[in-house]
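These notes are about the structure you will find just below.
For reference, positions follow the sequence shown, starting with 1.
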Amino acid sequence: MRIRPTLSWEPSGDLPAATTDPTAVVDAVRAGGVVVLSGAGLSTESGIPDYRGEHGSLRRHTPMTYQEFVADESARQRYWARSQLGWRAMTRAHPNAGHRAVTALTRAGLVVGVITQNVDGLQQAAGAQHVIELHGSLSRVVCLDCGREDTRAALDRRLREANPGFERVAERHRAARVNPDGDVELPEEAVREFRVVPCTACGTGMLKPDVVFFGENVPPERVARCRHLVDTADTLLVLGSSLTVMSGLRFVRQAADAGIPVLIVNQGPTRGDRWATARIELPLGETLSQVVQRVARS
């Protein structure tokens, strides 16, 4: 059974008020044992929009669902054409102050684990190790028929060879805004002739980015690793996630049920606010940098 995609969530009026005082985060980090659960909001300062913020991609873009991808050849063609530009934009993005702050806290031993809902690899690029990629990574592709994994860079080379004229399309749309799921908006005429290539191992298999699409389940062994990590936490710190989808929200509920404090730093309300000990509404990069400085001074 697949999770039904949840693209939106409307806050009710009984949610706790937010604060602009990050002291609760400073105190929790200083004590150690923090597990971070990060979302798209952590990467917005790197130029990658989130889904549901003020300028979120859902305001102009409906993300690909697993069901559409596997059932519709034209949907796969559209995805890979758009992703051919979007993935390149992703590779040009750099970690921001928020990513660097999380890495600094992991190296100090205060953050003991990171679960990221992002597929951009920026937390790892900032130097963090042992990051659990809840929704996978755009840097890999997988064959849905034989299971063979390959790098997105290798697929990029094959797609360039199969679509030599697409470079002109890329030039015309190089300023197109990338979406969190790694594609960009392109007119239909730009993708109509795009050629999709099969798996090199089995010769005919359908290739899919190694990410969890909307409507697709997170692999159960990955969920189990995350649950174990949350069980060991002294605090669960949510960074830049609206927690609209259950794949991330379940860990907030798990922590709250176990009596583990949940702190949320996000600009705007979240679906997890009712379980939060505190929600801080501040920009992530500046706030996390201040947290690192205040903890270091103490």
Side-chain angles (χ1 to χ4, degrees), residues 1-5 7 57 61-92 116-121 124 132-174 176 178-225 245 247:
M1 182 180 69
R2 303 193 188 282
I3 297 174
R4 179 181 174 83
L7 300 182
S57 67
H61 160 76
T62 300
M64 179 67 66
T65 66
Y66 178 85
Q67 291 78 5
E68 183 183 14
F69 185 88
V70 299
D72 188 343
E73 183 178 358
S74 64
R76 292 193 295 277
Q77 179 190 43
R78 185 171 65 252
Y79 175 83
W80 283 118
R82 293 177 172 185
S83 177
Q84 187 66 358
L85 299 188
W87 180 77
R88 295 180 197 176
M90 285 281 197
T91 62
R92 293 192 293 270
T116 182
Q117 299 174 87
N118 300 338
V119 295
D120 51 40
Q124 296 92 312
I132 300 178
E133 297 174 314
L134 184 63
H135 294 155
S137 172
L138 285 171
S139 67
R140 301 183 299 270
V141 295
V142 62
C143 176
L144 294 183
D145 290 359
C146 72
R148 164 75 179 271
E149 287 189 7
D150 204 351
T151 67
R152 182 64 177 84
L155 177 61
D156 178 69
R157 292 190 291 270
R158 295 180 61 214
L159 288 174
R160 286 179 188 235
E161 293 171 359
N163 299 277
F166 195 68
E167 293 300 319
R168 293 190 295 274
V169 176
E171 181 66 21
R172 290 198 301 272
H173 295 279
R174 62 182 177 179
V178 66
N179 294 312
D181 50 357
D183 70 357
V184 298
E185 292 297 310
L186 287 177
E188 196 61 33
E189 61 268 22
V191 305
R192 194 174 295 130
E193 302 301 322
F194 191 84
R195 287 187 57 205
V196 178
V197 296
C199 172
T200 56
C202 64
T204 58
M206 181 191 306
L207 295 178
K208 172 184 173 292
D210 192 15
V211 300
V212 178
F213 281 152
F214 282 89
E216 183 179 7
N217 279 341
V218 178
E221 65 276 8
R222 196 177 302 164
V223 175
R225 288 173 58 207
V245 295
S247 61

Atom pair [atom1] ([X]) and [atom2] ([Y]), whose distance is rounded to the nearest 0.5 Å:
| X | Y | atom1 | atom2 | answer |
| --- | --- | --- | --- | --- |
| Trp80 | Met64 | CH2 | CE | 10.5 Å |
| Met90 | Leu85 | CE | CG | 12.5 Å |
| Asn118 | Leu138 | CG | CG | 10.0 Å |

[Y] backbone acceptor or donor facing [X] side chain under 3.5 Å:
| X | Y | answer |
| --- | --- | --- |
| Asn163 | Arg195 | yes |
| Arg152 | Val141 | no |
| Arg158 | Pro198 | yes |
| Gln67 | Gly215 | yes |

Nearest heavy atoms of [X] and [Y], plus distance in Å:
| X | Y | value |
| --- | --- | --- |
| Val212 | Leu134 | CG2-O, 4.1 Å |
| Ser74 | Asp72 | OG-OD1, 2.6 Å |
| Tyr66 | Lys208 | CD1-CE, 3.8 Å |
| Phe166 | Ala81 | CZ-O, 3.4 Å |
| Leu207 | Val197 | CD1-O, 3.7 Å |
| Arg148 | Cys199 | CB-SG, 4.2 Å |

Are more than 12 heavy atoms, taken from residues, nucleotides or ligands other than Glu149, located less than 6.0 Å from that residue's CD atom? yes
Would you say that [X] contacts [Y] through its side chain, given a criterion of any heavy-atom pair below 4.5 Å between the two side chains?
| X | Y | result |
| --- | --- | --- |
| Cys143 | Cys202 | yes |
| Pro209 | Trp87 | no |
| Asp150 | Leu155 | no |
| Tyr79 | Val196 | no |
| His135 | Val211 | no |
| Phe69 | Glu216 | no |

Exactly one of Arg222, Gln124, Gln117 should register a side chain to side chain donor-acceptor pair (under 3.5 Å) with Glu133. Which one does? Gln124
